[in-house]
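Here is the structure we will look at, set down as C-alpha coordinates.
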Amino acid sequence: MANPFDLNYQNQHLESKIVVALERVSEAFRVLLWQRGQALKLSPIQIQILIFCKFHAAEKCKVGYLAQEFNVDKSTISDSVKALEQKQLIEKVTTPEDGRSYTIYLTKEGAAVALQVASFALPFEKPIEQLSEIQKEVLLSSLLELIHKLQQVGIISLQRMCLVCQHHQKDEQGHFCTLLGMRLNTADLRVDCPDFLGT
(Lines give C-alpha, C1' and ligand atoms only; values in the text may rest on other atoms or scores of the structure.)
Protein backbone atom coordinates (compact mmCIF):
# COMPACT_ATOMS: atom_id res chain seq x y z
CA MET A 1 0.00 0.00 0.00
CA ALA A 2 1.34 3.46 -0.95
CA ASN A 3 2.58 5.46 2.02
CA PRO A 4 4.41 8.81 1.85
CA PHE A 5 6.43 7.89 4.98
CA ASP A 6 7.79 4.73 3.33
CA LEU A 7 11.21 5.96 2.18
CA ASN A 8 11.31 3.69 -0.87
CA TYR A 9 7.93 5.01 -2.01
CA GLN A 10 8.61 8.60 -0.92
CA ASN A 11 11.88 8.90 -2.81
CA GLN A 12 10.18 7.92 -6.07
CA HIS A 13 7.18 10.27 -5.76
CA LEU A 14 7.45 14.05 -5.71
CA GLU A 15 3.98 14.35 -4.15
CA SER A 16 5.09 12.23 -1.18
CA LYS A 17 8.19 14.37 -0.66
CA ILE A 18 5.98 17.47 -0.54
CA VAL A 19 3.57 15.80 1.92
CA VAL A 20 6.45 14.89 4.25
CA ALA A 21 7.97 18.37 3.91
CA LEU A 22 4.62 19.91 4.89
CA GLU A 23 4.42 17.53 7.85
CA ARG A 24 7.86 18.77 9.03
CA VAL A 25 6.69 22.38 8.80
CA SER A 26 3.50 21.46 10.66
CA GLU A 27 5.55 19.77 13.38
CA ALA A 28 7.64 22.92 13.81
CA PHE A 29 4.43 24.95 14.27
CA ARG A 30 3.17 22.46 16.86
CA VAL A 31 6.45 22.62 18.79
CA LEU A 32 6.49 26.43 18.87
CA LEU A 33 2.81 26.54 19.88
CA TRP A 34 3.31 23.94 22.59
CA GLN A 35 6.38 25.71 24.00
CA ARG A 36 4.51 29.01 24.20
CA GLY A 37 1.54 27.27 25.79
CA GLN A 38 3.59 25.53 28.47
CA ALA A 39 5.14 28.82 29.53
CA LEU A 40 1.67 30.34 30.04
CA LYS A 41 -0.16 27.15 31.09
CA LEU A 42 -2.39 27.28 28.03
CA SER A 43 -3.21 24.46 25.63
CA PRO A 44 -2.52 24.96 21.91
CA ILE A 45 -6.25 25.28 21.15
CA GLN A 46 -6.66 27.87 23.93
CA ILE A 47 -3.85 29.90 22.37
CA GLN A 48 -5.47 29.63 18.94
CA ILE A 49 -8.81 30.84 20.34
CA LEU A 50 -7.18 33.85 22.02
CA ILE A 51 -5.30 34.81 18.85
CA PHE A 52 -8.37 34.36 16.66
CA CYS A 53 -10.60 36.47 18.94
CA LYS A 54 -7.94 39.18 19.11
CA PHE A 55 -7.74 39.66 15.35
CA HIS A 56 -11.25 38.85 14.08
CA ALA A 57 -14.67 40.47 14.28
CA ALA A 58 -16.97 39.58 17.17
CA GLU A 59 -19.54 37.82 14.96
CA LYS A 60 -16.90 35.17 14.21
CA CYS A 61 -16.02 34.64 17.88
CA LYS A 62 -18.66 32.02 18.57
CA VAL A 63 -18.29 28.33 19.43
CA GLY A 64 -19.73 27.05 16.14
CA TYR A 65 -17.55 29.29 14.00
CA LEU A 66 -14.42 28.46 16.00
CA ALA A 67 -15.13 24.73 15.71
CA GLN A 68 -15.23 25.13 11.91
CA GLU A 69 -12.16 27.36 11.92
CA PHE A 70 -10.00 24.87 13.81
CA ASN A 71 -11.63 21.70 12.45
CA VAL A 72 -12.60 20.36 15.88
CA ASP A 73 -15.95 19.58 17.47
CA LYS A 74 -17.95 22.14 19.43
CA SER A 75 -17.38 20.38 22.76
CA THR A 76 -13.60 20.85 22.39
CA ILE A 77 -14.10 24.59 21.84
CA SER A 78 -16.63 24.82 24.70
CA ASP A 79 -14.21 23.14 27.11
CA SER A 80 -11.39 25.47 26.06
CA VAL A 81 -13.63 28.53 26.36
CA LYS A 82 -14.65 27.43 29.86
CA ALA A 83 -10.98 27.09 30.86
CA LEU A 84 -10.13 30.53 29.41
CA GLU A 85 -13.08 32.04 31.27
CA GLN A 86 -11.85 30.51 34.54
CA LYS A 87 -8.44 32.08 33.86
CA GLN A 88 -10.25 35.42 33.32
CA LEU A 89 -8.82 35.76 29.81
CA ILE A 90 -12.22 35.85 28.08
CA GLU A 91 -15.82 36.65 28.90
CA LYS A 92 -18.95 35.25 27.32
CA VAL A 93 -21.77 37.58 26.34
CA THR A 94 -25.04 35.81 25.61
CA THR A 95 -27.20 36.75 22.64
CA PRO A 96 -30.51 38.37 23.70
CA GLU A 97 -32.46 36.35 21.11
CA ASP A 98 -30.96 33.03 22.23
CA GLY A 99 -29.68 32.61 25.80
CA ARG A 100 -27.73 29.48 24.79
CA SER A 101 -25.67 31.32 22.16
CA TYR A 102 -22.85 33.62 23.18
CA THR A 103 -20.02 35.70 21.77
CA ILE A 104 -16.50 35.44 23.15
CA TYR A 105 -14.72 38.65 24.07
CA LEU A 106 -11.19 39.02 25.39
CA THR A 107 -10.70 40.65 28.76
CA LYS A 108 -7.98 43.28 29.07
CA GLU A 109 -5.59 40.61 30.36
CA GLY A 110 -6.76 38.22 27.63
CA ALA A 111 -5.97 40.77 24.92
CA ALA A 112 -2.48 41.28 26.35
CA VAL A 113 -1.86 37.52 26.51
CA ALA A 114 -3.19 37.11 22.95
CA LEU A 115 -0.66 39.64 21.65
CA GLN A 116 2.10 37.92 23.58
CA VAL A 117 1.30 34.42 22.31
CA ALA A 118 0.63 35.55 18.72
CA SER A 119 4.36 36.05 18.29
CA PHE A 120 4.95 32.28 18.48
CA ALA A 121 5.06 32.07 14.66
CA LEU A 122 7.57 34.89 14.13
CA PRO A 123 10.58 32.52 13.88
CA PHE A 124 9.09 31.29 10.57
CA GLU A 125 9.30 34.73 8.98
CA LYS A 126 13.09 35.02 9.09
CA PRO A 127 13.87 32.07 6.77
CA ILE A 128 11.03 33.12 4.46
CA GLU A 129 12.46 36.65 4.29
CA GLN A 130 15.62 35.13 2.79
CA LEU A 131 13.72 33.80 -0.23
CA SER A 132 13.58 35.90 -3.37
CA GLU A 133 10.35 37.77 -4.15
CA ILE A 134 9.62 35.30 -6.96
CA GLN A 135 10.15 32.34 -4.62
CA LYS A 136 7.81 33.91 -2.06
CA GLU A 137 5.11 34.49 -4.67
CA VAL A 138 5.40 30.94 -6.03
CA LEU A 139 5.24 29.55 -2.49
CA LEU A 140 2.20 31.67 -1.59
CA SER A 141 0.39 30.80 -4.81
CA SER A 142 1.11 27.08 -4.37
CA LEU A 143 -0.03 27.07 -0.74
CA LEU A 144 -3.26 28.92 -1.57
CA GLU A 145 -4.01 26.41 -4.33
CA LEU A 146 -3.26 23.52 -1.98
CA ILE A 147 -5.52 24.94 0.74
CA HIS A 148 -8.26 25.41 -1.85
CA LYS A 149 -7.97 21.79 -3.02
CA LEU A 150 -7.93 20.50 0.57
CA GLN A 151 -11.11 22.47 1.20
CA GLN A 152 -12.74 21.08 -1.96
CA VAL A 153 -12.21 17.48 -0.80
CA GLY A 154 -13.39 18.26 2.75
CA ILE A 155 -10.09 17.82 4.61
CA ILE A 156 -10.26 21.39 5.90
CA SER A 157 -13.35 23.53 6.15
CA LEU A 158 -13.83 27.26 6.42
CA GLN A 159 -11.37 29.48 4.53
CA ARG A 160 -11.53 33.26 4.11
CA MET A 161 -9.05 33.58 1.25
CA CYS A 162 -9.28 35.27 -2.12
CA LEU A 163 -9.51 32.08 -4.19
CA VAL A 164 -12.87 31.09 -2.67
CA CYS A 165 -14.36 34.57 -2.24
CA GLN A 166 -17.33 35.87 -4.25
CA HIS A 167 -15.36 39.09 -4.87
CA HIS A 168 -12.57 37.13 -6.60
CA GLN A 169 -12.39 36.64 -10.34
CA LYS A 170 -9.65 34.97 -12.33
CA ASP A 171 -8.98 35.22 -16.06
CA GLU A 172 -6.04 35.06 -18.47
CA GLN A 173 -4.70 38.31 -17.03
CA GLY A 174 -4.71 37.03 -13.46
CA HIS A 175 -6.70 37.85 -10.34
CA PHE A 176 -9.28 40.61 -9.90
CA CYS A 177 -11.18 41.78 -6.78
CA THR A 178 -14.61 43.20 -7.56
CA LEU A 179 -14.88 44.70 -4.05
CA LEU A 180 -11.68 46.71 -4.42
CA GLY A 181 -12.21 47.16 -8.16
CA MET A 182 -8.62 46.29 -8.95
CA ARG A 183 -6.33 43.63 -10.29
CA LEU A 184 -4.37 41.68 -7.69
CA ASN A 185 -0.79 40.54 -8.02
CA THR A 186 0.08 37.21 -6.38
CA ALA A 187 1.56 39.09 -3.42
CA ASP A 188 -1.78 40.91 -2.96
CA LEU A 189 -3.77 37.70 -2.49
CA ARG A 190 -5.05 37.27 1.05
CA VAL A 191 -5.10 34.12 3.14
CA ASP A 192 -7.51 35.64 5.66
CA CYS A 193 -9.57 38.60 4.49
CA PRO A 194 -11.93 40.61 6.75
CA ASP A 195 -14.07 41.40 3.68
CA PHE A 196 -14.37 37.76 2.62
CA LEU A 197 -17.76 36.80 1.18
CA GLY A 198 -18.43 33.09 0.98
CA THR A 199 -19.96 31.40 -2.03
For residues [X] and [Y]: do they belong to one hydrophobic cluster (side chain heavy atoms under 4.5 Å, members Ile, Leu, Val, Met, Phe, Trp, Tyr)?
X	Y	value
Phe70	Val25	yes
Ile155	Ile147	yes
Leu7	Val19	no
Val72	Leu33	yes
Ile47	Phe124	yes

Of all the heavy-atom pairs spanning [X] and [Y], show the shortest one and how long it is.
X	Y	result
Val117	Ile51	CG2-CG1, 3.8 Å
Gly181	Phe176	C-CZ, 3.6 Å
Leu140	Leu189	CD2-O, 4.2 Å
Gly110	Leu50	O-CD2, 4.4 Å
Ser80	Ile45	OG-CG2, 3.1 Å
Gln135	Leu131	OE1-CA, 3.4 Å

Side chain [X], main chain [Y], donor-acceptor under 3.5 Å:
X	Y	value
Gln46	Ser43	yes
Glu137	Thr186	no
His148	Leu144	no
Asp73	Thr76	yes
Gln10	Pro4	yes
Thr107	Leu89	yes
Asp171	Gln173	yes
Glu125	Ala121	no
Ser119	Leu122	no
Ser157	Gln68	yes

Could you tell me the separation between the [atom1] atom of [X] and the [atom2] atom of [Y], rounded to the nearest 0.5 Å?
X	Y	atom1	atom2	value
Cys61	Tyr102	SG	OH	12.0 Å
Lys60	Tyr65	NZ	OH	4.5 Å
Cys177	Leu184	SG	CG	5.5 Å
Leu106	Ile90	CG	CD1	8.0 Å
His13	Asp6	NE2	CG	10.0 Å
Lys17	Glu15	NZ	CD	10.5 Å

**OP:** Tell me, with the steps shown, if Arg24 and Glu27 meet salt bridge (Lys or Arg N to Asp or Glu O under 4.0 Å).
**Re:** CA-CA 5 Å; Arg24 298 273 169 88; Glu27 180 61 28; over 6 Å; no
Original post:
Within a radius of less than 6.0 Å around CZ of Arg36, do more than 12 heavy atoms belonging to other residues, nucleotides or ligands occur?
Top reply: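 Yes, enclosed.
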Side-chain heavy atoms of [X] within contact of [Y], under 4.5 Å:
X	Y	result
Trp34	Pro44	yes
Glu85	Lys92	yes
Gln166	Leu179	no
Leu22	Leu146	yes
Leu66	Lys74	no
Leu115	Phe55	yes
Leu42	Val113	yes
Glu59	Thr103	no

Original post:
Are Leu32 and Gln35 close enough, and set up right, to give a side chain to side chain contact (heavy atoms under 4.5 Å, CB included), and what steps lead you there?
Top reply: CA-CA 5 Å; Leu32 290 172; Gln35 287 173 344; 4.0 Å; yes
Original post:
Passes side chain to side chain contact (heavy atoms under 4.5 Å, CB included), Ser16 versus Tyr9? Steps please.
Top reply: CA-CA 8 Å; Ser16 292; Tyr9 180 85; 3.1 Å; yes
With a 4.0 Å cut-off on N to O distance, would you call [X] and [Y] a salt bridge?
X	Y	result
Glu133	Lys136	yes
Glu129	Lys126	no
Arg160	Glu69	yes
Glu23	Arg30	yes

Original post:
Can you say whether the rings of Phe120 and Phe29 are parallel (under 30°), tilted (30 to 60°) or perpendicular (over 60°)?
Top reply: perpendicular
**OP:** Decide whether Asp192 and His56 meet the rule of one side-chain donor and one side-chain acceptor closer than 3.5 Å.
**Re:** yes
Subject >> Residues Leu163, His175; criterion side chain to side chain contact (heavy atoms under 4.5 Å, CB included); working and verdict >> reply: CA-CA 9 Å; Leu163 298 189; His175 303 276; 3.8 Å; yes
